[in-house]
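Heads up: the structure comes next, in structure tokens.
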Protein chains: 2
Amino acid sequence: MIKDLPPNTVERLSLYRRRLLNYPNEDKLYIHSHKLAHLLKINPAHIRRDLMLIGFTGDVHKGYNIQNLIDKIGKAIDCKHTQKVAFIGIGDLGRAVADHFNQKETKLKIAATFRTSKPPKTQFQEVTCYHISDMKKVLIKENIELVVLAVPRSYAKAISGEIIRTKVKGILNFTSVHLNVPDRIFVEDYDVIAKLEKLSFFTNTA
Amino acid sequence: MIKDLPPNTVERLSLYRRRLLNYPNEDKLYIHSHKLAHLLKINPAHIRRDLMLIGFTGDVHKGYNIQNLIDKIGKAIDCKHTQKVAFIGIGDLGRAVADHFNQKETKLKIAATFRTSKPPKTQFQEVTCYHISDMKKVLIKENIELVVLAVPRSYAKAISGEIIRTKVKGILNFTSVHLNVPDRIFVEDYDVIAKLEKLSFFTNTA
DNA sequence: TTCTTGCTGTTAATCAATTCACAATTGCTT
DNA sequence: AAGCAATTGTGAATTGATTAACAGCAAGAA
Ligand SMILES: NC(=O)c1ccc[n+]([C@@H]2O[C@H](COP(=O)([O-])OP(=O)(O)OC[C@H]3O[C@@H](n4cnc5c(N)ncnc54)[C@H](O)[C@@H]3O)[C@@H](O)[C@H]2O)c1
Ligand SMILES: NC(=O)c1ccc[n+]([C@@H]2O[C@H](COP(=O)([O-])OP(=O)(O)OC[C@H]3O[C@@H](n4cnc5c(N)ncnc54)[C@H](O)[C@@H]3O)[C@@H](O)[C@H]2O)c1
């Protein structure tokens, strides 16, 4: 894992890797910066710079070796141990995200889901679904470090209050409630409405 | 509508408004920059600067008048006509987003949803659900300008090929497929995996 | 009245992200 | 063997986003 990568670079590296994992099907061993840039609709220099930051070098004519690049990205951004993820709230949104997640190659592992209604024994392969009242206990016992929070907004605050008493280090927060957690916990908020309103704005001015 | 607002400012203004729409319940007419900043966990100067950009001024002691601010944000970022939004793919993800959307105050209006299986007559209040094969026709007829794309990734390319033959100006794309559309169409991609992998990275280095 | 306090509006400074632009490299062609 | 063409790696320039800092103001206290 490489220190001091800019946040946007880390995010892009993840996207590069996911795109490349589909690429060998297309029967090539190497890829050029401009080709990958085109697939992702970004600037080629961007890619070269990102790869420079993780110390990956290409061949001046063949471009970048795809498998080696995938591996190198893993060394750069993946945690050494497998980090466990829990889904808190597994309604429509949580289910969609968890499903999507389980179809992708990633080092992260879904270790638990939580909800209020009586849970079925399992969901998503071997993932256990617990009742929300066991959340704190399970998060601690299972050593879960990341959570996806997708519960009705009125519960967000109380739940985040419990989360801070566990070893959770990061929260992907879909509740549109801004969580009050200590600095040691990373929060990433996402809000569709703001994105759509931005889209609306820029499709009517620019 | 104000020209030349930075993208991030537009997004934040949307968030300010949504937060403030809940605030009068809390029985205040005015709010200070540092108070709102605290609610959103951002820097107060940021808020003052954003409001400066839309020409909104506060009272040096009372702060910002909440209702006036809500109105001013509307004038700054909302489209003059009501823009119509369609959901293409209304499975778990589409449903979650559409639901979330319909609970919020916004000038945007869901005008149609599309899916492959035989559609029920309606969903979400008065929104009609159409079969995907009618998509192009309906998008054109209804003058739909924004779409949320949440179909299985294998269909994304073909569907975006149809979309470009309509008046759609913006796509919120959840498919993890990078769409090849002309520049006149704004695309906003979102990818949970990249966000989670970023979270994983920063909870293990920083 | 005069002083103190705490806020806004705004400029300036900083920090981060993106893009440009080109030297260096090397396969390929002639 | 020499010249061409295409690509990487990267410093420099640019653009954009964020934060600091403070003047100026006005309410309320003394
Ligand atoms: N930020 C965004 O972009 C975005 C998009 C879509 C939905 N959302 C939000 O995500 C949340 C979930 O949406 P959804 O469509 O999946 O809702 P849903 O009603 O389908 O699912 C809610 C889930 O939360 C669980 N839950 C309910 N009460 C709970 C409690 N007291 N404690 C713990 N868990 C509880 C339920 O068991 C269920 O699993 C909502 O708050 C919604 O507004 C946000
Ligand atoms: N980017 C992200 O963060 C993210 C998160 C979750 C899911 N996803 C992706 O979003 C998509 C939808 O996920 P979901 O869980 O809602 O899936 P889902 O299977 O529940 O729903 C799929 C929807 O697409 C429709 N559909 C199926 N085939 C179609 C076709 N040929 N043409 C048009 N529409 C068709 C279906 O009718 C259904 O409405 C998937 O591609 C998933 O991987 C992305």
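Because the structure is predicted, anything quoted here is derived from the model rather than measured. Convention: sequence-line order gives letters A, B, ...; per-chain numbering from 1.
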If you round to the nearest 0.5 Å, how far is [atom2] of [Y] from [atom1] of [X]?
| X | Y | atom1 | atom2 | result |
| --- | --- | --- | --- | --- |
| B/Lys109 | B/Ile144 | NZ | CD1 | 10.0 Å |
| B/Lys195 | A/Ser14 | NZ | OG | 10.0 Å |
| B/Lys198 | A/Arg12 | NZ | CZ | 11.0 Å |

Using nucleotides 14-17 of chain D, report all nitrogen or oxygen pairs with the protein that are shorter than 3.5 Å.
unit_1: D/dA17; atom_1: O3'; unit_2: B/Asn8; atom_2: ND2; d: 3.3

query: Can you find a side-chain donor-acceptor pair between B/Asp59 and B/Tyr30 that sits under 3.5 Å?
result: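 Side chains of B/Asp59 and B/Tyr30: no pair found under 3.5 Å.
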Assess whether atom [atom1] of [X] is packed by more than 12 heavy atoms of other residues, nucleotides or ligands within 6.0 Å.
| X | atom1 | result |
| --- | --- | --- |
| A/Lys167 | NZ | yes |
| B/Lys41 | NZ | yes |
| A/Gln103 | CD | yes |

[X] [atom1] to [N] [atom2]: how many Å, rounded?
| X | N | atom1 | atom2 | result |
| --- | --- | --- | --- | --- |
| A/Glu11 | C/dA16 | CD | P | 16 Å |
| A/Leu53 | C/dT18 | CG | P | 12 Å |
| A/Asp50 | D/dT8 | CG | P | 14 Å |
| A/Lys72 | D/dG9 | NZ | P | 12 Å |
| B/Lys41 | D/dT19 | NZ | P | 13 Å |
| B/Lys62 | C/dT5 | NZ | C1' | 18 Å |
| A/Asn43 | D/dA13 | CG | P | 18 Å |
| A/Phe56 | D/dT10 | CZ | P | 14 Å |

field: Steps toward salt bridge (Lys or Arg N to Asp or Glu O under 4.0 Å) verdict (B/Lys136, B/Glu162)
entry: CA-CA 6 Å; B/Lys136 196 173 120 194; B/Glu162 297 243 308; 5.4 Å; no
- prompt: Just by modelled atom types, is the A/Ile70 backbone N or O under 3.5 Å from a matching donor or acceptor in the A/Arg17 side chain?
  reply: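 Not at all, since once roles are kept as given, no pair shorter than 3.5 Å links the two residues.
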query: Quick one: does B/Arg184's side chain have a donor or acceptor within less than 3.5 Å of a partner on B/Ile164's backbone?
result: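 Yes, B/Arg184 side chain to B/Ile164 backbone: donor-acceptor pair under 3.5 Å.
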message: Below the 4.0 Å mark, does D/dT8 have OP1 or OP2 next to a side-chain nitrogen or oxygen of A/Tyr30?
response: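 No, because none of the side-chain N or O atoms of A/Tyr30 sits under 4.0 Å from OP1 or OP2 of D/dT8.
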message: Walk along nucleotides 24-30 of chain C from 5' to 3' and tag each nucleotide B, S or - by protein heavy-atom contact under 4.0 Å, base first, then sugar-phosphate.
response: -BBS---
task: Look at A/Lys75 together with A/Asp78 and state whether they make a salt bridge at an N to O cut-off of under 4.0 Å.
output: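 Between A/Asp78 and A/Lys75 there is no salt bridge, as every charged N stays at least 4.0 Å from the carboxylate O atoms.
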Protein N or O to nucleotides 10-12 of chain C N or O, pairs below 3.5 Å:
unit_1: C/dT11; atom_1: O4; unit_2: B/Arg49; atom_2: NH2; d: 3.2
unit_1: C/dA12; atom_1: N6; unit_2: B/Arg49; atom_2: NH2; d: 3.3

